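Owing to the predicted nature of the structure, the values given are computational and were not obtained by experimental measurement. Just follow the structure's listing: the first ligand is 1, and inside any ligand the first atom is 1.
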Amino acid sequence: MNINENFLKIQSSYLFSNIAKKVREFSEANPDADIIRLGIGDATRPLPEAVTAAMHRAVDEMGTLDGFRGYPPEYGYDFLLNAISENDFKARGINIGADEIFVSDGAKSDTGNIGDIFSNANTVAVCDPVYPVYVDTNVMCGRAGEAVNGKWSNVIYMPCTAQTGFLPELPAQKADLIYLCFPNNPTGMTIDKKNLQRWVDYANENGSVILYDAAYEAYISDPEIPHSIFELEGAKTCAIEFRSFSKTAGFTGVRCAYTIIPKELTFGGVSLNALWARRQATKFNGVSYITQRGAEAIYSPEGKPQVKAVIDYYKSNASTISEGLKSLGYEVYGGTNSPYVWLKAPDGMASWDFFDLLLNKVQVVGTPGSGFGPSGEGYFRLTGFGSAENTAKALERIARL
Ligand code: PLP
């Protein structure tokens, strides 16, 4: 009897468990310490009222004979698919049909599961540093190869460092599957249309597929920055886009997201829309009616300003962090069209050493950049997802360092 041995290749201690362990140990040794957590990538503000009201109504409907619903459609209810198509795409001049949208329980599941429809023979390219899910899920299915000196043998790492302006460079060797995430987690950096067009052109020329994670699209306010890869010429023949309501409307606990696979997109002559539809119909039974009604309310006239207020709140925190750190002389990136602030640890310190310093000296918790990949060493991530009060307090404390 054999297990999937690829799982044994993955380090058992995941980045965030390591952080939690260190914080727990510190708290046990210093029970009165007031620890401020700015390492989180989780929403903290309550759900918008329009969302909770819609969910309450949906609960009441489900308790009636006429309103009861069983299994939802695997790909999403028409009311949500149409709201997404109209508001997230048509309103930006992009034509995405309801049958190109797949509603799911999360962008983590979708970015992780998408590998199911691709052969293990494909080469994978990821940014470095990177959201760890892209790499780990390729390890689990055996596509990443073997670990050699902290890197996977079949993965092309695209360093995103100060030298590259924190943007990846086109890979010298052919990459079949290219994971891009903008606004980026962890660096908070964005990509403009001209730069993204180079990736779309590369993918179309090389027959590659771009797996575009736009989970933080709602944080973009600069008109030069595309919200969707489908704003770009030719993207429909080379890209899949992942979106999430998690950081848009506080759905990290409710769970709802969606993935766009254009009908035009083929790989090896096969429609990826059809393959994903088959995959979802077999392995996924849809998102609850109550959740989807909640998601639909994000697009309502009441919901829109409420959602914007929450995003503005996190953005204001991110700005407090980035401006505050800059004034203290730190080298800081991101934090404007993103909830994430990426900073260089001072005096050439290693990421984990800076983590320990902040925790032990001023009780501020962040995320060590090295946890996101080799090129993250020496960097550190703080987020705008805390409370405004704690964010300001954390800055005052860091100033005392
Ligand atoms: N993609 C990126 C880049 C993320 O940072 C996250 C969450 O932190 C996700 C996807 C997960 O989103 P969801 O909550 O929809 O699973």
Side-chain angles (χ1 to χ4, degrees), residues 14-17 19-20 37-45 47 51 76 80 84 88 101-115 126-138 158 160 166-168 178-191 210-220 227-229 239-260 280 284 286-288 291-292 294-295 298 307 310-311 314 318 334-335 337-342 366-367 369 371-373 376 381-386:
Y14 183 62
L15 170 65
F16 291 97
S17 341
I19 294 173
R37 290 174 170 78
L38 295 186
I40 42 164
D42 194 355
T44 55
R45 306 300 295 166
L47 290 171
V51 170
L80 181 56
I84 291 168
D88 285 346
I101 304 167
F102 297 86
V103 171
S104 77
D105 66 343
K108 183 183 235 182
S109 328
D110 287 354
T111 53
N113 291 331
I114 196 73
V126 296
C127 291
D128 171 23
V130 68
Y131 176 54
V133 173
Y134 314 149
V135 177
D136 289 357
T137 53
N138 276 289
M158 306 181 289
C160 297
F166 291 98
L167 290 179
I178 303 166
Y179 290 83
L180 294 179
C181 171
F182 291 107
N184 189 262
N185 177 14
T187 66
M189 296 300 271
T190 51
I191 192 162
I210 297 174
L211 303 169
Y212 194 76
D213 188 341
Y216 298 95
E217 158 280 330
Y219 290 78
I220 297 172
H227 287 250
S228 166
I229 194 165
I240 292 175
E241 181 165 299
F242 305 94
R243 294 275 189 107
S244 173
F245 297 114
S246 284
K247 313 299 164 73
T248 305
F251 272 49
T252 49
V254 176
R255 310 304 303 144
C256 196
Y258 66 88
T259 288
I260 303 291
Q280 290 297 81
F284 185 60
V287 175
S288 82
T291 298
Q292 293 194 54
I298 293 169
V307 165
V310 175
I311 291 168
Y314 295 137
N337 292 288
S338 159
Y340 293 119
V341 178
W342 188 243
T367 312
F372 297 101
R381 190 191 77 174
L382 293 174
T383 86
F385 290 118

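The proximity of Y216 to ligand 1, defined as any non-hydrogen pair under 4.0 Å, is limited to the side chain.
For a threshold of 3.5 Å applied to N or O pairs, the pair formed by Y134 and ligand 1 contains no separation below that value. Looking at A107 next to ligand 1, an N or O pair under 3.5 Å apart turns up. At least one N or O atom of S246, backbone or side chain, sits closer than 3.5 Å to an N or O atom of ligand 1. Taking any N or O of D105, backbone or side chain, none lies under 3.5 Å from an N or O belonging to ligand 1. Not a single N or O atom of S109, backbone or side chain, sits closer than 3.5 Å to an N or O atom of ligand 1.
Note: D213 CG to I114 CD1 = 11.5 Å, rounded to the nearest 0.5 Å. We find the CD1-OG1 distance between I19 and T367 to be 4.5 Å, quoted to the nearest 0.5 Å.
Using bins of under 30°, 30° to 60° and over 60° for the plane-to-plane angle, the ring pair Y134/Y179 lands in the parallel bin. Note on ring orientation: taking the six-membered ring where Trp is involved, the planes of F372 and W342 are perpendicular (angle over 60°, cut-offs 30° and 60°).
Within the 4.5 Å cutoff, no side-chain heavy atoms of V254 are placed close to those of V51. In this structure, Q280 and D110 have side chains that are in contact, with non-hydrogen atoms separated by less than 4.5 Å.
Summary of contacts: the protein heavy atom closest to atom 1 (N) of ligand 1 is D213 OD2, 2.6 Å. Atom 11 (C) of ligand 1 has as its closest protein heavy atom Y131 OH, 3.3 Å. Counting protein heavy atoms only, atom 8 (O) of ligand 1 is closest to K247 NZ, 2.8 Å.
Less than 4.0 angstrom separates some heavy atom of C181 from each of these atoms of ligand 1: 3 (C). Atoms of ligand 1 lying under 4.0 Å from at least one heavy atom of N185, given by number and element, are 3 (C), 4 (C), 5 (O). Close contacts between ligand 1 and G106 involve ligand atoms 15 (O), 16 (O) [criterion: under 4.0 Å to a heavy atom]. Those atoms of ligand 1 that come under 4.0 Å of a heavy atom in K108, given as number and element, are 11 (C), 12 (O), 13 (P), 16 (O). Close approach to S244 involves these atoms of ligand 1, each under 4.0 Å from a residue heavy atom: 12 (O), 13 (P), 15 (O).
Under a 4.0 Å heavy-atom criterion, F242 is not in contact with ligand 1. The closest approach between T252 and ligand 1 stays at or above 4.0 Å for every heavy atom of the residue.
In this structure a side-chain-to-backbone donor-acceptor pair under 3.5 Å is missing from T383 to P339.
Checked against the 6.0 Å centroid threshold, F102 and F284 do not count as a close aromatic pair.
Contact detail for F251 and C256: the closest heavy-atom pair is CD2-CB, 3.8 Å.
For the 3.5 Å distance criterion, the side chains of T190 and N337 fail to qualify, holding no donor opposite an acceptor.
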